[in-house]
Amino acid sequence: MTRTQFQSNLQEVQENLRRYALKLTQDTNDADDLVQDTSLRALTHRDKFVSDINFKGWMMTIMYNIFLNNQDRVERRRKIFDTTVDILNVPLVTEGGYSTPDGAMNIREIYSAIDNLSEHTRTPFKMFLSGYKYSEIAEKIGIPEGTVKSRIFFARKALQKSLRDMR
């Protein structure tokens, strides 16, 4: 497919993409952003389109995948930052944790122990702590998902051993 044909097909499906985006997001601004992201991704990866595949279906698949990735990102952020908590009325921790010098020392020891892990276990473990799923870690690092699970398991075991004094 030539570049002109590709751009023509892209323009023809814009209204269909917008309707689908509205159905997915339930918000006009988010839908417009999703259509724009989808169009950009399609243009960037134009060389991956196979001529005998339904162009509209290909575009809808790209859109759905972007939507799912965005949802995962929002969900991960929501888990890390709980927006339902009233920060003005959070009870203070009096023993352990960050609020005491001992607690701060323990946190520093934990981070130090994590940093002392070998590179091949530290990277997947830190990504897991940041909220990445096993499959996402495997994809980013370029190793099988089972290997990611094993490395995280070994990182946990090594941390348990090195931090045993803290209990």
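What you find for Met59 and Ser39 is that their closest heavy atoms are CE-CA, 4.4 Å. A pairwise comparison of heavy atoms in Ala113 and Ser162 identifies CB-OG, 3.8 Å as the closest pair. Taking both residues in full, the closest heavy atoms of Lys48 and Trp58 are given as C-CZ2, 4.5 Å, listed atom of the first, atom of the second, then distance. Taking every heavy atom of both residues into account, Leu34 and Phe67 meet most closely at CD1-N, 4.0 Å. Among all heavy-atom pairs drawn from Thr121 and Phe154, the shortest one is CG2-CB, 4.5 Å. Of all non-hydrogen atoms in Phe55 and Val13, the two that sit nearest each other are CE2-CG2, 3.9 Å.
Under a hydrophobic-cluster definition in which Ile, Leu, Val, Met, Phe, Trp and Tyr are linked whenever side-chain heavy atoms come within less than 4.5 Å, directly or via other members, Ile62 and Met60 are assigned to the same cluster. In the hydrophobic clustering of this structure, Phe153 does not group with Leu129; members are Ile, Leu, Val, Met, Phe, Trp, Tyr whose side-chain heavy atoms approach within less than 4.5 Å, directly or through other members. Follow the hydrophobic side-chain contacts under 4.5 Å out from Leu68 and you never reach Leu40; the two are in separate clusters.
With contacts defined as side-chain heavy-atom distances shorter than 4.5 Å, the pair Tyr20/Met63 qualifies. With a 4.5 Å cut-off on side-chain heavy atoms, Phe125 and Leu159 count as touching. Side-chain contact between Thr25 and Asn70: absent, with no pair of heavy atoms (C-beta onward) separated by less than 4.5 Å. The side-chain heavy atoms of Arg41 and His45, taken from C-beta on, include a pair separated by under 4.5 Å.
Between Asp115 and Lys126 there is a salt bridge, with a side-chain nitrogen of the basic residue lying less than 4.0 Å from a carboxylate oxygen of the acidic one. Glu15 has no carboxylate O lying under 4.0 Å from a charged side-chain N of Arg18, or vice versa, which leaves the two without a salt bridge.
With rounding to the nearest 0.5 angstrom, the CD1 atom of Ile152 is 13.0 Å from the OH atom of Tyr132. Interatomic distance, Gln36 CD to Gln14 CD, rounded to the nearest 0.5 Å: 10.0 Å. A distance of 11.0 Å separates CG in Leu24 from CD1 in Ile66, rounded to the nearest 0.5 Å. Summarising the geometry, atom CZ belonging to Phe6 is positioned 9.0 Å from atom CG belonging to Asp47; distances are rounded to the nearest 0.5 Å. Between the CG atom of Asp37 and the CG atom of Leu17 there is a distance of 12.0 Å, given to the nearest 0.5 Å. One distance of note links OG of Ser130 with CE of Met127; it measures 8.0 Å at 0.5 Å rounding.
Within the 3.5 Å criterion, the main-chain N or O of Gly57 finds a donor-acceptor partner in the side chain of Thr61. Side chain of Arg122 to backbone of Leu117: a donor-acceptor contact under 3.5 angstrom is found.
Between Phe128 and Tyr134, the ring-plane angle classifies as parallel under the 30° and 60° cut-offs.
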When you look at Gln7 and Arg3, which way does the side chain to side chain contact (heavy atoms under 4.5 Å, CB included) test go after all the steps? CA-CA 6 Å; Gln7 290 173 344; Arg3 184 182 186 113; 3.6 Å; yes
Passes salt bridge (charged side-chain N to carboxylate O under 4.0 Å, His left out), Glu136 versus Lys133? Steps please. CA-CA 5 Å; Glu136 294 171 325; Lys133 297 177 184 171; 5.4 Å; no
For residues 137-150, tabulate all N or O donor-acceptor pairs below 3.5 Å that involve a side-chain atom, not counting sequence neighbours.
unit_1, atom_1, unit_2, atom_2, d
Ser150, OG, Gly146, O, 3.1

